K.L.:
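The structure follows.
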Amino acid sequence: MSEPLSLLPQGNFRPRLRRRFPRIHRSALWRRLFHWRQLDFEFASWQMLYLLVSPKRVYRNIYYHKQTKNQWARDDPAFLILLVGGIVAAVGAYSAVYGVGVPGFTKALVQLLVVNFAGAGVVLATATWLVANRFLRHQNVHATDQQSEWMYAFDIHCNSFFAFFALAYVLHFFFLPVLMKTSWISLFLGNTVFALAASAYLYTTFLGYQAMPFLHHQEVFLYAIPLVAVAYLVSLFGFNLSHHLIDYYF
């Protein structure tokens, strides 16, 4: 008797799914999360420093990581742990300055960490991952089929968000007495910091996908920078981003 026909696709469908959506609980990243002695915080700190002074060097190192471990995404959560710790510390510092107490701290932390970093990060990582895989891959029949990993797309978001966070939140904090004044100079300085932070996010995202040799036309990730420039120029006519940032969180 012949076997009944399956309604599910046959062949290598399931392996393709595993390549696109790796099982996170099996990844080295999540295993190392519970073994703190294996976390390389020194290397994560090095990456953070060079994301600010020479981001190309970070992605050059990630390319070497791909050659040795055959994956683009990080297998060490130390960078993410430091980033989350920095976000918590920054919210704590702002909360202390504005005296909002525990409820205000919790509200601001949820907005920055859960909504802006994690929630928006998942959306942006998914969007850039889809664009890269569907529109930017080289169409070469003789080349090995390669795709961007979603976890690497989220890594790119983490790197880009760190650059944005360092300018728009950390640097901003140290100049609060100047930036929170009502003068046009304060508006100009504060809005310039935010424009640079947004441009840094886009540029770091571009570098992340430029590191992948099987992609082309990665400059599409820079196309939003002129929009940032236009929004920045318009904001100079009276929209103080520093004031709106504080009103949003506190």
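Just so you know, these numbers come straight off a predicted model, no measurement behind them.
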K.L.:
Would you say Phe188 and Tyr232 make side-chain contact, with heavy atoms under 4.5 Å?
P.N.:
yes
K.L.:
Quick check on the hydrophobic clustering: are Val102 and Val97 connected, directly or via other members, by side-chain heavy-atom contacts under 4.5 Å?
P.N.:
no
K.L.:
Is the side chain of Ser160 donor-acceptor paired with the backbone N or O of Thr205 at a distance under 3.5 Å, no angle test?
P.N.:
yes
K.L.:
Looking at Leu236 and Trp184, what are the two nearest heavy atoms and their distance?
P.N.:
O-NE1, 2.8 Å
K.L.:
Could you pull out every donor-acceptor pair under 3.5 Å between side chains of residues 221-231 and any protein atom, sequence neighbours left out?
P.N.:
none

K.L.:
If you round to the nearest 0.5 Å, how far is CG of Leu130 from CG of Leu136?
P.N.:
11.0 Å
K.L.:
Measure the CD1-CG distance between Ile246 and Leu241 for me, rounded to the nearest 0.5 Å.
P.N.:
11.5 Å
K.L.:
Check for me, please, whether Val123 and Leu202 land in the same ILVMFWY cluster - side-chain distances under 4.5 Å, paths through other members count.
P.N.:
no
K.L.:
Return the minimal non-hydrogen interatomic distance between Leu80 and Cys158, and the atom names on each side.
P.N.:
CD1-SG, 4.1 Å
K.L.:
Phe173 and Phe164: same hydrophobic cluster, using ILVMFWY side-chain contacts below 4.5 Å?
P.N.:
yes
K.L.:
What's the separation between atom CD in Gln210 and atom NZ in Lys56, rounded to the nearest 0.5 Å?
P.N.:
6.5 Å
K.L.:
Taking atom OH as the centre, does Tyr248 end up with more than 12 heavy-atom neighbours from other residues, nucleotides or ligands that are less than 6.0 angstrom away?
P.N.:
yes
K.L.:
Provide the closest heavy-atom pair for Ala132 versus Leu215 in the form atom of the first, atom of the second, distance.
P.N.:
O-CD2, 3.5 Å
K.L.:
Using modelled atom types and a 3.5 Å cut-off, is there a donor and acceptor pairing between side-chain atoms of Thr128 and backbone atoms of Ala125?
P.N.:
yes
K.L.:
I would like to know whether Leu189 and Phe175 meet side chain to side chain contact (heavy atoms under 4.5 Å, CB included); could you show each step before the answer?
P.N.:
CA-CA 10 Å; Leu189 292 175; Phe175 290 93; over 6 Å; no
K.L.:
According to side-chain contact (heavy atoms from CB on, under 4.5 Å), who are the partners of Ser242, at least two apart in sequence or on a separate chain?
P.N.:
His172, Leu179, Met180, Phe194, Asn240
K.L.:
Side chains of Tyr249 and Lys107, heavy atoms from C-beta outward: is any pair under 4.5 Å?
P.N.:
no
K.L.:
Pair Val220, Phe135 - check side chain to side chain contact (heavy atoms under 4.5 Å, CB included), show working.
P.N.:
CA-CA 10 Å; Val220 298; Phe135 304 109; over 6 Å; no
K.L.:
Would a single hydrophobic cluster contain both Val178 and Leu167, if residues Ile, Leu, Val, Met, Phe, Trp and Tyr are joined by side-chain heavy-atom contacts under 4.5 Å?
P.N.:
yes
K.L.:
Just by distance, do the side chain of Asn159 and the backbone of Thr204 share a donor-acceptor pair under 3.5 Å?
P.N.:
no
K.L.:
Is it the case that the side chain of Ser186 and the backbone of Thr182 share a donor-acceptor pair, with hydrogens and angles ignored and the cut-off at 3.5 Å?
P.N.:
no
K.L.:
Holding to side-chain contact (heavy atoms from CB on, under 4.5 Å), I want the full list of residues that pass it with Ser95, two or more places apart in sequence or in another chain.
P.N.:
Val91, Val100, Phe105, Phe250
K.L.:
Of Phe154, Tyr59, Tyr209, Tyr152, which is the lone residue that meets ring pair (Phe, Tyr, Trp, His ring centres under 6.0 Å) with Trp72?
P.N.:
Tyr152
K.L.:
What's the shortest heavy-atom distance between Leu52 and Ala166, and which atoms?
P.N.:
CD2-CB, 3.8 Å
K.L.:
Report the C-alpha distance between Phe79 and Leu51 in whole Å, list the side-chain angles of each, state the deciding distance to 0.1 Å, and finish with yes or no for side chain to side chain contact (heavy atoms under 4.5 Å, CB included).
P.N.:
CA-CA 12 Å; Phe79 184 95; Leu51 280 170; 3.7 Å; yes
K.L.:
So which atom in Leu245 and which in Ala168 form the shortest heavy-atom distance, rounded to 0.1 Å?
P.N.:
CD2-O, 4.1 Å
K.L.:
Would a hydrophobic clustering, with Ile, Leu, Val, Met, Phe, Trp and Tyr connected at side-chain separations under 4.5 Å, put Leu83 with Leu171?
P.N.:
yes
K.L.:
Could you walk me through whether Phe117 and Ile87 satisfy the side chain to side chain contact (heavy atoms under 4.5 Å, CB included) test, starting with their C-alpha distance in whole Å, then the side-chain angles of each, then the deciding distance to 0.1 Å, before giving a yes or no?
P.N.:
CA-CA 9 Å; Phe117 169 63; Ile87 292 173; 4.2 Å; yes
K.L.:
Between atom CG of Asp76 and atom CZ of Phe43, what is the distance when rounded to the nearest 0.5 Å?
P.N.:
8.5 Å
K.L.:
Do Asn133 side-chain atoms and Ser148 backbone N/O form a donor-acceptor pair below 3.5 Å?
P.N.:
yes
K.L.:
Backbone N or O of Met151 within a donor-acceptor pair of the Glu149 side chain at under 3.5 Å?
P.N.:
no
K.L.:
Can you spot which of Arg57, Arg74, Glu42 makes a side-chain hydrogen bond (donor to acceptor under 3.5 Å, both in side chains) with Gln47?
P.N.:
Arg74
K.L.:
Over 60° means perpendicular and under 30° means parallel, so tell me whether Phe161 and Phe165 are parallel, tilted or perpendicular.
P.N.:
parallel
K.L.:
Between the main-chain N or O of Lys181 and the side-chain N or O of His243, is there a donor-acceptor pair closer than 3.5 Å?
P.N.:
yes
K.L.:
Indicate the ring-plane relationship of Trp46 and Tyr50, choosing parallel, tilted or perpendicular according to the 30° and 60° boundaries.
P.N.:
tilted
K.L.:
Return the minimal non-hydrogen interatomic distance between Leu82 and Ala44, and the atom names on each side.
P.N.:
CD1-CB, 3.8 Å
